[in-house]
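Everything numeric in this text was worked out from a predicted model, so none of it was measured. Atoms within a ligand are numbered from 1 in the order they appear, just like the ligands themselves.
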Amino acid sequence: MLRFVTSNAGKAREAREYLPEEVERVDYDYPEIQSDSLEAIAAAGARDAYREIGEPVFVDDSGLFIDAFDGFPGPYSSYVEEKLGIERVQQLTERESTDRARFRTIVAYADGEGVETFEGVVRGRIVAPRGDGGFGYDPVFEHRGTTFAEMAIEEKNAVSHRGRALAAFGDWLAER
Ligand SMILES: O=P(O)(O)OP(=O)(O)OP(=O)(O)OC[C@H]1O[C@@H](n2cnc3c(O)ncnc32)[C@H](O)[C@@H]1O
């Protein structure tokens with residue numbers, strides 16, 4: 001059994017679909033350090049959650065990196081979603097010369113022995129919202145003509161930043 005420490009139910013749903021082992025969601029809101037690096041944030045979060053819970057855990061830190069804004073909001077995606085909302089992020093992007101963006105996830109696993117991190121990245125475009133599945137920025141993130149909110153969970157996992165990071169994590173677990 002794997003413990004996924006996250007306050008985000010959408011992330012937990014995707015991890016359950018993907019990982020071979022059972023996933024238990026632990027709703028502990030670990031303090032996020034302020035950093036430009038998703039790796040550093042995820043690793044610190046996993047370490048902290050392991051100390052708090054006392055069992056092996058993993059966390060997922062994700063961000064939307066918009067090319068026209070030099071990667072912003074990136075590690076600040078959650079704050080920007082809360083303060084501006086995804087429609088305004090999309091409207092701001094529309095005024096720029098490119099709508100290209102990347103979604104990145106770092107999964108960090110901590111046990112008594114240390115921290116391992118796994119990365120997943122997907123490229124796409126910021127478009128006017130479409131679809132009602134998924135969560136967060138999914139309605140405005142289009143990958144090969146379809147927004148993540150228009151995809152079923154399995155379809156999104158097959159191409160998404162989180163799916164790729166979870167796949168790398170799953171391979172590592174299997175080889176351990
Ligand atoms: O408790 P944690 O796991 O940290 O949950 P969170 O929602 O705060 O997680 P993040 O900081 O990693 O999320 C950054 C932002 O990116 C959004 N996000 C993360 N993964 C996403 C995905 O697959 N599709 C759309 N939006 C996503 C999410 O809604 C947040 O606004």
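Regarding atom 8 (O) of ligand 1, its nearest protein heavy-atom neighbour is Ser78 OG, 3.8 Å. Of the protein's non-hydrogen atoms, the one nearest atom 28 (C) of ligand 1 is Glu81 OE1, 3.6 Å. Protein heavy atom closest to atom 17 (C) of ligand 1, with residue, atom name and distance, is Tyr137 CD1, 3.9 Å. Protein heavy atom in closest approach to atom 1 (O) of ligand 1: Ser7 OG, 2.6 Å. Nearest protein heavy-atom contact of atom 20 (N) of ligand 1 is Arg162 NH2, 2.9 Å.
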Checking salt bridge (Lys or Arg N to Asp or Glu O under 4.0 Å) for the pair Asp67/Arg123: CA distance, chi angles, key distance, verdict? CA-CA 10 Å; Asp67 286 11; Arg123 294 212 57 102; 2.9 Å; yes
Is there a ring pair (Phe, Tyr, Trp, His ring centres under 6.0 Å) between Tyr109 and Phe169 once you walk through the steps? CA-CA 8 Å; Tyr109 173 82; Phe169 178 39; 5.6 Å; yes
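For atom 12 (O) of ligand 1, the nearest non-hydrogen atom from the set Lys11, Glu82, Glu32 comes from Lys11. Of the options Pro75, Gly74, Ser62, the smallest heavy-atom separation from atom 14 (C) of ligand 1 is shown by Ser62.
Ring geometry for Phe148 against Phe141 counts as tilted: the plane angle lies between 30° and 60°, on a 0 to 90° scale. Classified by interplanar angle (parallel below 30°, tilted 30° to 60°, perpendicular above 60°), the ring pair Phe118/Trp172 is tilted.
Every atom of ligand 1 with a heavy atom of Gly136 under 4.0 Å away is listed here by number and element: 25 (C), 26 (N), 29 (O). In the vicinity of His161, heavy-atom distances shorter than 4.0 Å reach the ligand 1 atoms 20 (N), 21 (C), 22 (C), 23 (O). Close approach of ligand 1 to Lys156 (heavy-atom distance below 4.0 Å) involves ligand atoms 22 (C), 23 (O), 24 (N). Under a 4.0 Å criterion applied to the non-hydrogen atoms of Asp61, ligand 1 contributes the atoms 11 (O), 12 (O). In the vicinity of Thr6, heavy-atom distances shorter than 4.0 Å reach the ligand 1 atoms 1 (O), 2 (P), 3 (O), 5 (O). The distance from ligand 1 to the heavy atoms of Asn8 drops below 4.0 Å at these ligand atoms: 5 (O), 7 (O). With ligand atoms numbered from 1 in the order given, ligand 1 contributes 3 (O), 12 (O) to contacts under 4.0 Å with heavy atoms of Asp60.
Phe69 and Val140 fall within the same hydrophobic cluster, where Ile, Leu, Val, Met, Phe, Trp and Tyr residues are linked whenever their side-chain heavy atoms come under 4.5 Å apart, directly or through other members. Hydrophobic clustering (ILVMFWY, side-chain heavy atoms < 4.5 Å, transitive): Ile41 and Tyr76 are in distinct clusters. Val57 and Val23 are members of different hydrophobic clusters when ILVMFWY side chains are connected at heavy-atom separations under 4.5 Å.
Ligand 1 does not have Phe141 within reach: every non-hydrogen atom of the residue lies 4.0 Å or more from it.
Between Arg130 and Glu142 a salt bridge is recorded (basic side-chain N to carboxylate O distance below 4.0 Å).
Looking at Phe135 against ligand 1, both its backbone and its side chain come within 4.0 Å, counting heavy atoms.
For OH of Tyr79, the number of neighbouring non-hydrogen atoms (other residues, nucleotides, ligands) closer than 6.0 Å is 12 at most.
Taking only nitrogen or oxygen atoms, main chain and side chain alike, Asp138 reaches within less than 3.5 Å of ligand 1.
In this structure, Arg104 is positioned above the aromatic face of Phe65, its NZ or CZ under 6.0 Å from the six-membered ring centre and within 45° of the axis.
The distance from the CZ atom of Phe72 to the OG atom of Ser77 is 8.0 Å, given to the nearest 0.5 Å.
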